Amino acid sequence: MSVPMSRALYTAAQVRAQDRHAIEQWGVPGFTLMQRAAHAAFGVLRTRWPQARRLLLLCGPGNNGGDAFLLGALALQAGFEVRAATLSDTAQGDALLARRAFEDAGGVRAGAVEACSRERFDVIVDGLFGTGLSRAPEGAAAQWIAWANASGRPILALDVPSGLDADTGVARDPCVRAAATVTFVAHKRGLFTADAGDCCGALHLDRLELPEPTSPPPDAELLRAHGLPPRRRNSHKGSNGHVLALGGDAGTGGAIRLCSEAALRAGAGLVSVATRAAHIGALNAARPELMAHAVEQQADLAPILRQASVLAIGPGLGQGDWGRALWQAALDCDLPQVVDADALNLLAAHPAPLPARCVLTPHPGEAARLLQTDTATIQADRFAAVRELAARYRAVVALKGSGSLIATPEGRVAVCPWGNPGMAAGGMGDVLTGIIAALLAQGLSPWDAACLGVGLHARAGDHAAAAGGERGLLASDLFLPLRELLNADPN
Ligand SMILES: NC(=O)C1=CN([C@@H]2O[C@H](COP(=O)(O)OP(=O)(O)OC[C@H]3O[C@@H](n4cnc5c(N)ncnc54)[C@H](OP(=O)(O)O)[C@@H]3O)[C@@H](O)[C@H]2O)[C@H](O)CC1
Ligand SMILES: [K+]
């Protein structure tokens, strides 16, 4: 299945191979690519900062620096005042040609960046490192990045914010925090997960006039924004599945309430809840559309399980005897299910084969337990972690966090470009579990349900944050935008 370039995500090595292919196979000189990159970046600069007239270029030793020099030459020809701070005089090849073009255009190389007063520059152009970054910036590069980040001036990053790993999205220390990034040829997958959201600013892609690559296939793909098509007129409540949400041990009844209400809001025809007797009254009062069942022992569950078409297990489940009994019942039944929270922790503690058509929704801590590692290792390469989880547990996995990733056991990966820090709040995961369960109940495959569910959840969070701010965002604030986005599919 082909992915449009706007949604195709590549590793840095794949993009560098595309650069080489353009140069060697299509005969496009590297310097020409660099000129196109400079034009693209200068165009973004003039659009975002139309009043800007004074630029400071931070130029690294390689072709990323070359991009910056050629942007500087264009700016000089347009009447800008430009200073270039260069890391070293080791530029070679195209980067050396670019530096000479800058000097021929009257470009002046700045002395120590600290000598450049903050007031003198409207925009700082980050041409230190791109896809060639191989380690944390050090020495003068590190000092310049820290100075630029603290300068109060907007930074335009070329190709990749310097210090950001283009493959993992991990920001080395220090890392440029750009107001905008213009990336060239193709999207690098690291621009969409981990620390990327804090470093890239507004992201622009320019293909540098290269045709779409035929091979290799992209390493991952961005989710696309969509909902579900209108329902058949001739529908009844049995037409849209029956989700059974299992969880809510003593003191955690809210989690299973959020999960089950989210399943209703995401279009499940019927939603039952198997939870502690103590929560039944509150559930019925709060959301009478739910069918709440008091379950105190596994035997209470059998008749309810027979009615369900999809399970959602984990929110507020706990890891005590009660939770373990419900988890074992879920493992023993061959229904599609979403496995979250303490059900994941029970799976990590007591590995067991999962029924087919499962979706696991770990946050990085749960993922670490599932892979017997630590959270830092998960976050150091989220792509590798989500692929390992999906392969080991033979299930679709949604690894939550900034830039959530979804993977199949075969290694296909989708990346969510939406969401905001306001969603780092209690209950958000419970809502996601209910959404994915409802989409499974409406007949979507685990992959489609996970991709659509993660996308709707994040977009609903962005809509709710736009309406009232990120801080104080509640999981239940997602319900109204969720419903609107779900029904917005134009197809
Ligand atoms: N024709 C093309 O390929 C095009 C490339 N574009 C731009 O080019 C960069 C990639 O350029 P490249 O020269 O491969 O690498 P960088 O410019 O990103 O890095 C320069 C060198 O910096 C060294 N390095 C790496 N990390 C550090 C560090 N932390 N401190 C100091 N120096 C570092 C590294 O050399 P080492 O041997 O020391 O590892 C790099 O070689 C791409 O991102 C685009 O911006 C055009 O845009 C399109 C055409
Ligand atoms: K850069």
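Quantities reported herein were computed from a predicted structural model and do not represent experimental measurements. Read the numbers this way: they start at 1 and go in the same order the structure lists the ligands and their atoms.
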Distance-only donor-acceptor check, side chains Thr11 and Asp219, under 3.5 Å: no

Under 3.4 Å: N/O/S of Val160 next to the K ion (ligand 2): yes

Polar contact flag, side-chain donor to acceptor under 3.5 angstrom, His363-Glu366: yes

Residues lining ligand 1 [heavy-atom distance under 4.0 Å, listed by chain and residue number]: Arg16, Asp19, Ile23, Gly30, Leu33, Ala37, Pro61, Gly62, Asn63, Asn64, Asp67, Phe129, Gly130, Thr131, Gly132, Leu133, Ser134, Arg135, Ala136, Pro137, Glu138, Asp159, Phe184, Leu208

Side-chain H-bond candidate by donor/acceptor type, Thr90 with Ser88, under 3.5 Å: yes

Greater than 12 external heavy atoms within 6.0 Å of Arg369's CZ: yes

3.4 Å cut-off met by an N, O or S atom of Asp126 to the K ion (ligand 2): yes

CD (Glu81) with more than 12 external heavy atoms under 6.0 Å: yes

Metal check, the K ion (ligand 2) vs Ala68 N/O/S, cut-off below 3.4 Å: no

Pi-cation contact, Phe80 with Arg53 (under 6.0 Å, within 45°): yes

Heteroatom test (N, O or S) for Phe129 near the K ion (ligand 2), limit 3.4 Å: yes

Validation row, ring centre His187 to ring centre Tyr10 under 6.0 Å: no

Under 3.4 Å: N/O/S of Asn64 next to the K ion (ligand 2): yes

Residue pairs fulfilling ring-ring contact (aromatic ring centres under 6.0 Å, His included) with at least one residue in residues 46-71, sequence neighbours excluded: Phe69-Phe102

